[in-house]
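These notes are about the structure you will find just below.
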Amino acid sequence: MSQTCVEVRSEWSIVAARQAGRTIAKEVGFGSVDQARITTAISELARNIYLYAKVGEICIEKVVEANKVGVKVSASDNGPGIKDLRRVMEDGYTTSGGLGAGLPGVKRLMDEFLIDSKEGEGTKIHAVKWLR
Amino acid sequence: MRIPILKLKEYLLVSVQIELDDQTALQFQEDILNKIHEEGSRGVVIDLTSVDFIDSFIAKVLGDVVDMSNLMGAKVVLTGIQPAVAITLVDMGILMHGVPTALDLEQGLEKLQQELEG
Ligand SMILES: Nc1ncnc2c1ncn2[C@@H]1O[C@H](COP(=O)(O)OP(=O)(O)OP(=O)(O)O)[C@@H](O)[C@H]1O
Ligand SMILES: [Mg+2]
């Protein structure tokens with residue numbers, strides 16, 4: 001199974017990204033709860049791109065390692081980047097009047113979470129959910 | 001796309017059957033408030049049985065609908081939240097405090113009736 005990428009530049013691409021994620025999560029064999037977790041995580045990452053960077057990309061792929069399989073979600077943009085990474089990982093921190101639940105939520109929904117961001121250059125986030 | 005809002009006596013019934021994109025969610029928020037105003041509704045049941053995920057944006061819109069309706073004098077009950085959705089919301093740290101819920105449409109209507117009479 002190859003990688004599916006969705007260019008994020010509208011509200012509709014947020015829908016497209018999470019539908020692609022649900023399809024792959026189903027194919028990999030995740031149950032309904034983990035499908036919802038993965039779909040939600042993708043929705044959060046895609047909306048953050050749309051809101052804060054305007055344009056970016058979400059890629060979803062099946063990952064296989066030693067004796068486990070999972071789904072990896074990668075979000076990347078060349079937007080304004082994030083100045084204080086620790087701060088945005090706090091529950092309730094928002095610069096847009098949201099719930100501030102997005103990034104800390106994605107971290108809890110997924111098993112692995114990696115964020116790399118430079119002010120003025122953009123943001124890259126990788127998150128993996130393993131099938132158990 | 002628009003979510004149909006049904007009227008049943010002094011109540012409004014909504015069953016969310018489509019994938020909620022941001023625009024649809026915001027349109028729904030506006031439609032429901034307008035309908036409460038037009039019909040003078042005292043209560044609203046929003047059934048989420050067919051909704052298979054709720055992210056922070058949709059959660060905020062739903063929470064706001066509850067608060068806004070309360071301001072207008074109508075009670076809102078959310079019903080039929082799926083296990084996967086409940087688990088995901090709690091994972092996300094979204095607890096929807098103060099939002100009345102019930103298992104299904106029928107119990108939602110009962111809850112409204114109790115709240116309005118009690
Ligand atoms: N891709 C990004 N580029 C630049 N800044 C970002 C990006 N993603 C998140 N941020 C910043 O991190 C903050 C926290 O993001 P998070 O998703 O946790 O909350 P939110 O988007 O503000 O609200 P919610 O997701 O609950 O609706 C945002 O308010 C924004 O300032
Ligand atoms: Mg967000």
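Chain letters run A, B, ... following the sequence lines, proteins first and then strands; every chain starts at 1. Atom set for the values below is all heavy atoms of this structure, side chains included, hydrogens, waters and symmetry mates excluded.
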*asked:* Are B:V44 and B:I5 linked, directly or through intermediate hydrophobic residues, by side-chain heavy-atom contacts shorter than 4.5 Å (ILVMFWY only)?
replied: yes

*Just by distance, do the side chain of A:R37 and the backbone of B:T88 share a donor-acceptor pair under 3.5 Å?*
no

*Same cluster or not: are A:V33 and A:L109 linked, directly or through other Ile, Leu, Val, Met, Phe, Trp or Tyr residues, by side-chain heavy atoms under 4.5 angstrom apart?*
no

*Measure across A:S32 and B:A84 and return the closest heavy-atom pair with its distance rounded to 0.1 Å.*
O-CB, 3.7 Å

*Can you tell me if A:E44 uses its side chain to pair, donor with acceptor, with the backbone of B:S56 under 3.5 Å?*
yes

*Flag yes if B:V65 and B:V14 sit in one hydrophobic cluster, no otherwise; membership is Ile, Leu, Val, Met, Phe, Trp, Tyr, and two members link when side-chain heavy atoms are under 4.5 Å apart.*
yes

_Option from B:D55, B:I58, B:I54 for which side chain to side chain contact (heavy atoms under 4.5 Å, CB included) with A:S43 holds_ = B:D55

_Assigning hydrophobic clusters by single linkage (Ile, Leu, Val, Met, Phe, Trp, Tyr; side-chain heavy-atom cutoff under 4.5 Å), is B:V85 placed with B:V66?_
yes

_Let me confirm one number: the OG-CZ distance from A:S96 to B:F57, rounded to the nearest 0.5 Å._
10.0 Å

*Joint hydrophobic cluster, B:M1 plus B:V51, side-chain heavy atoms closer than 4.5 Å*: yes

_Proximity of residues 20-37 of chain B to chain A, residues having a non-hydrogen atom under 4.5 angstrom_ = B:L20, B:D21, B:D22, B:Q23

*Would you give the length of the straight line joining atom CG of B:L89 to atom OG1 of A:T40, rounded to the nearest 0.5 angstrom?*
7.5 Å

*Evaluate the side-chain proximity of A:L99 to B:I94: yes if any heavy-atom separation is below 4.5 Å, no if none is.*
yes

*Could you pull out the closest heavy-atom pair between A:R108 and B:D91, with the gap in Å?*
NE-O, 2.6 Å

_Between A:K107, A:Q19, A:E11, who has the most heavy-atom pairs with chain B when the cutoff is under 4.5 Å?_
A:E11

*Could you give the distance from CD1 (A:I42) to CZ (B:F53), rounded to the nearest 0.5 Å?*
9.5 Å

_Less than 4.5 Å to any heavy atom of chain B: does that hold for the side chain of A:Q35, its backbone, both, or neither?_
neither

